Every structure is written in C-alpha cells, then in structure tokens.
Amino acid sequence: MAVVPASSSVGSPLIAEVDMGGGSDPSSVVVRATVVQASTVFYDTSATIDKADRLVAEATSYGSQLVVFPEAFIGGYPRGSTFGVTIGSRSAKGKEDFRKYHAAAIDVPGPEVDRIAAIAGKYKVFIVMGVIERAGYTLYCTVLFFDPHGQYLGKHRKLMPTALERIIWGFGDGSTIPVYETPIGRIGALICWENRMPLLRTALYGKGIEIYCAPTADAREVWQASMTHIALEGGCFVLSANQFCRRKDYPPPPDYEFAGAEEEPSLNSVVCAGGSVIISPSGVVLAGPNYEGEALITADLDLGEIVRAKFDFDVVGHYSRPEVLSLTVKDHPQHPVFFTSAANKESEQKS
C-alpha cells in the first residue's frame with residue numbers, strides 16, 4: 001500500500017486528542033487524518049472488512065486519528081452494471097444480480113457494524129466508512145461513523161442517488177444528516193454528488209462542520225474543483241476518499257459485465273482512478289489527489305486554520321443574510337406506514 005503524506009506531516013509525532021468541551025482552545029488542535037483509496041472485495045463482505053482492518057492498522061501506524069473510506073466500500077459500488085434495466089422491463093439476470101448485491105449489503109445495526117466498531121476500538125481511531133445498507137429489501141448508500149472507544153455513532157444515508165443508482169438505492173431523509181462533535185473536531189459527511197447540492201451543504205455548515213468527509217465514486221478531475229470550492233465555502237477541511245479499481249477487482253464476465261463500453265475492459269484496465277484528496281479551509285491541497293493506485297493519503301489538519309479562514313468568510317455567520325435568505329431542514333424521519341395505535345400508546349406512556 002502506497003502512502004502519500006502531506007509534506008508537513010513527515011516525521012511529526014502522533015497528536016494527542018484534546019477534550020474540546022473543556023477549557024482548552026479547540027483551534028490549537030492538530031489532527032492527523034487519512035483517506036483510504038482502495039477497492040472493495042466485490043461480493044465478499046467479510047473479506048472487505050478484513051481488508052479495512054489491515055488498512056486502518058497501517059494508517060494508525062503513521063499516527064492517524066481519523067480514517068475515511070470511500071463510498072460503498074463495504075457492499076461495493078456496482079460500476080458498469082445495469083441490473084438488466086430498460087424502461088418497462090427488468091431482465092432475469094438483472095434481478096439475480098440485485099439478489100447477490102443485496103446479499104453483500106449489511107444491516108445497520110448488525111454484526112458487520114459490530115466488526116467495524118471493534119476495529120475502531122482496537123486501533124483507537126475515528127472511522128468514517130462507506131457501506132451499502134440493507135433495510136429489509138431496500139438498499140441505501142450510507143456512511144457510518146465510529147469513535148476510538150469502539151462505539152458506532154450513527155449514519156448518513158445518501159439523500160439523492162445519481163442517475164441509475166436510483167434503481168438500486170433508496171433515498172435518505174433529513175433525519176440522517178449528522179455532524180458529530182468529537183475531541184478532534186466536528187465530523188460529518190455527504191456522499192458523491194450530494195456534495196453538489198448547495199442546500200444540503202448548508203445544512204452541514206449550519207451544524208458547524210469542521211472536518212467535512214466526502215466519500216465518492218467520481219474520479220474525474222473536475223471533482224477536485226468541487227472539493228476545493230466546498231473547503232473555501234464552508235471554511236472546513238475536506239477529505240474526499242474514492243476507490244481505485246481495475247477490472248480484475250470485479251467478478252469476471254459473464255457473471256459481471258461492464259455496460260456502456262464498446263468492448264469488455266481488460267483485466268488490468270483502470271475502471272476508477274481514485275483522485276482522493278485532502279484540502280484545507282483556505283483551499284490548499286494538503287495531500288493528493290492520487291491517481292496512481294491504491295494508497296493511504298495522509299495530512300495533518302491544523303484546526304486553527306478554520307478560524308483563520310472564517311475570518312474571511314463565514315457562510316452561516318457574518319457572511320449570511322437570514323432576513324433575506326434562510327434554510328429550513330425537515331430533520332424528522334419519514335415513514336411510509338404510520339400506525340396511529342402505536343403512536344397513541346407511546347403518547348400514553350409518556351404521560
């Protein structure tokens with residue numbers, strides 16, 4: 001595994017965590033963070049979690065206190081697959097492809113979540129992990145958050161899947177847009193093209209996000225412009241993690257076929273080139289982007305840089321005009337079925 005550190009982080013010591021709730025100055029905290037650029041072991045969830053364990057072990061050996069994984073790292077990003085869908089019909093093979101994809105997803109909470117929590121506790125590190133969440137027979141593209149005590153903190157479900165993703169993933173709601181206050185800063189995440197939704201970004205800014213995680217599947221160079229813009233707009237650190245995948249990282253044909261190409265890619269063809277990156281609140285690239293292969297991209301985050309950046313521009317502070325423009329976030333869960341008897345019983349218990 002290649003390691004791509006920031007130039008300022010080479011040889012510097014592990015930074016101790018600081019209690020942000022005490023009398024210390026949170027802007028004096030320096031955090032070492034790593035974004036993982038690596039591929040899923042497709043259709044093998046247990047092996048993928050084993051791989052995550054090895055990657056976290058390596059990242060923490062360099063002193064990392066936060067490790068961010070790509071979108072859909074556990075469960076897999078089904079790049080190139082159509083799931084047999086055309087307007088008005090779905091093929092038998094496509095339905096079987098979905099069955100296998102559903103089997104590789106994980107329940108939240110569930111045994112796989114417990115395994116990831118144990119990894120976070122074993123290496124005493126914060127983990128932000130992209131997964132495919134299984135909720136009954138619907139799948140969600142989700143990010144899970146874990147703390148160094150081995151605790152699962154919660155999740156963010158992708159609010160708006162992109163294009164054909166909408167046929168395999170459900171839609172998140174406003175109840176899973178968390179920002180967690182931790183000893184290393186306020187951490188939250190949006191997934192891939194959600195990051196292009198201005199109002200959704202503003203919801204995170206309104207919660208005071210400081211370490212903005214952006215797991216993605218977008219390896220295009222233009223993605224870097226979006227990440228730099230968010231860092232400048234939000235006055236926050238942006239950590240974008242993407243997979244680096246070759247055709248051989250997916251099952252072989254005809255079990256798994258890449259649609260949209262004139263011919264099936266060769267085994268060593270790069271089908272996702274990564275581009276993982278860490279950017280400061282002033283728009284400076286601290287580490288990456290990397291397009292060379294699987295890598296751990298690491299940088300030291302000086303939280304004092306957030307204060308210096310917000311002196312120039314505080315998007316929900318001194319640079320806001322709430323009397324002209326404001327945002328209302330509907331952050332309660334949306335349920336397709338609501339039983340009034342259960343609600344009445346809960347109300348009686350509270351009274």
Side-chain angles (χ1 to χ4, degrees), residues 1 34-60 64 66-79 81 96-158 161 165 168-172 175-176 178 180 182 187-192 213 215-217 241-243 245 249-251 256 294 296 333:
M1 177 65 61
T34 292
V35 293
V36 171
Q37 181 164 288
S39 67
T40 301
V41 184
F42 214 83
Y43 289 154
D44 194 335
T45 301
S46 181
T48 302
I49 297 175
D50 289 341
K51 183 174 183 177
D53 190 324
R54 295 191 298 271
L55 292 166
V56 172
E58 187 171 354
T60 54
S64 290
L66 167 66
V67 181
V68 181
F69 282 82
E71 176 180 13
F73 182 74
I74 294 173
Y77 188 84
R79 188 174 302 278
S81 180
E96 175 61 13
D97 288 344
F98 183 77
R99 185 201 64 77
K100 290 187 288 188
Y101 191 55
H102 180 274
I106 67 172
D107 296 326
V108 180
E112 293 85 3
V113 175
D114 293 341
R115 283 189 64 190
I116 304 166
I119 294 169
K122 178 168 64 172
Y123 298 109
K124 300 187 180 350
V125 65
F126 287 93
I127 294 177
V128 177
M129 176 66 73
V131 308
I132 300 304
E133 176 191 358
R134 181 176 55 225
Y137 300 101
T138 296
L139 303 181
Y140 295 91
C141 184
T142 298
V143 168
L144 306 181
F145 300 85
F146 302 87
D147 73 13
H149 304 292
Q151 298 295 314
Y152 163 60
L153 299 177
K155 68 186 178 186
H156 164 62
R157 283 178 173 173
K158 194 172 189 177
E165 294 173 356
I168 55 168
W169 296 340
F171 293 58
S175 67
T176 65
Y180 296 100
T182 78
I187 302 171
L190 297 182
I191 306 169
C192 206
C213 303
T216 188
N242 193 6
Q243 298 195 31
C245 304
D249 294 315
Y250 286 82
Y256 192 106
E294 293 201 343
L296 300 177

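Since the structure is predicted, the reported quantities are computational estimates derived from the model, not experimental observations.
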| query | Would you call Ile132 and Tyr77 a side-chain contact if the rule is heavy atoms closer than 4.5 Å? | reply | no

| message | As a quick check of understanding, evaluate side-chain contact (heavy atoms from CB on, under 4.5 Å) for Val143 and Cys213, giving each step before the final call. | response | CA-CA 10 Å; Val143 168; Cys213 303; over 6 Å; no

| query | What residues form a salt bridge (charged side-chain N to carboxylate O under 4.0 Å, His left out) with Asp114, not counting sequence neighbours? | reply | none

| Shortest non-hydrogen contact between Pro215 and Phe69, atoms and distance | CB-O, 3.6 Å

| Can you name the side-chain contact (heavy atoms from CB on, under 4.5 Å) partners of Ala118, sequence neighbours left out? | none

| With sequence neighbours excluded, residues passing salt bridge (charged side-chain N to carboxylate O under 4.0 Å, His left out) with Glu165 | Lys158

| With sequence neighbours excluded, what pairs up with Glu133 under the salt bridge (charged side-chain N to carboxylate O under 4.0 Å, His left out) test? | Lys155, Arg157

| query | Distance-only, no hydrogens or angles: does the Tyr101 side chain make a donor-acceptor pair with backbone N or O of Gly76 under 3.5 Å? | reply | yes

| Within-4.5 Å side-chain heavy-atom neighbours: Ile106 and Ile74 | yes

| field | Counterpart residues, salt bridge (charged side-chain N to carboxylate O under 4.0 Å, His left out), relative to Asp107 (two or more places apart) | value | Arg134

| Any residue meeting side-chain hydrogen bond (donor to acceptor under 3.5 Å, both in side chains) with Ser39, in chain and number order, not counting sequence neighbours | Lys51, Glu294

| What is the distance from atom CZ of Phe73 to atom CD of Gln37, rounded to the nearest 0.5 Å? | 11.5 Å

| Nearest atoms (heavy-atom pairs only) where His102 meets Gly136 | NE2-O, 2.9 Å

| field | Contact summary for Ala241 and Val36, nearest pair of heavy atoms | value | CB-O, 3.6 Å

| Does Asp97 have any side-chain hydrogen bond (donor to acceptor under 3.5 Å, both in side chains) partners at least two apart in sequence or in another chain, and if so, which? | Lys93

| field | Between CD1 on residue Ile127 and CD1 on residue Ile116, distance to nearest 0.5 Å | value | 7.5 Å

| message | Taking ring-ring contact (aromatic ring centres under 6.0 Å, His included) as the definition, give me every residue that meets it alongside Tyr180, ordered by chain and number, with sequence neighbours left out. | response | Phe145

| query | For Tyr256, which residues count as a ring-ring contact (aromatic ring centres under 6.0 Å, His included) partner, sequence neighbours excluded? | reply | Phe42, Tyr250, Phe258

| Glu96: partners by side-chain hydrogen bond (donor to acceptor under 3.5 Å, both in side chains), with sequence neighbours left out | Arg99

| field | Side-chain touch Val108/Tyr152, heavy atoms, less than 4.5 angstrom | value | yes

| Does some side-chain heavy atom of Leu144 sit less than 4.5 Å from a side-chain heavy atom of Val113? | yes

| said: For a quick test of reading the model, state the closest non-hydrogen atom pair linking Cys141 to Ile191 and the distance between them. | reply: O-CD1, 3.5 Å

| query | Any side-chain heavy atom of Ile49 within less than 4.5 Å of one from Glu112? | reply | yes

| query | Has the side chain of Glu71 got a donor or acceptor atom that lies under 3.5 Å from a matching backbone atom of Ala217? | reply | yes

| Does Thr40 have any side-chain hydrogen bond (donor to acceptor under 3.5 Å, both in side chains) partners at least two apart in sequence or in another chain, and if so, which? | Gln243

| message | Strictly by salt bridge (Lys or Arg N to Asp or Glu O under 4.0 Å), give each pair with a member in residues 139-151 just once, sequence neighbours left out. | response | none

| query | Between Leu55 and Val67, is any pair of side-chain heavy atoms under 4.5 Å apart? | reply | no

| Would you say the side-chain atoms of His156 pair up with the backbone N or O of Thr176, donor to acceptor, closer than 3.5 Å? | yes

| salt_bridge(Arg115, Asp53) N-O dist < 4.0 Å | no

| task | Answer whether the closest heavy-atom distance between the side chains of Pro78 and Ile168 falls below 4.5 Å. | result | yes

| Test item: Thr48 side-chain N/O and Val41 main-chain N/O as donor-acceptor pair under 3.5 Å | yes

| request: Check for a donor-acceptor pair, side chain of Thr60 on one end and backbone N or O of Ala57 on the other, with a separation under 3.5 Å. | output: yes

| How many angstroms lie between CD1 in Ile187 and OG1 in Thr182, if you round to the nearest 0.5 Å? | 4.0 Å

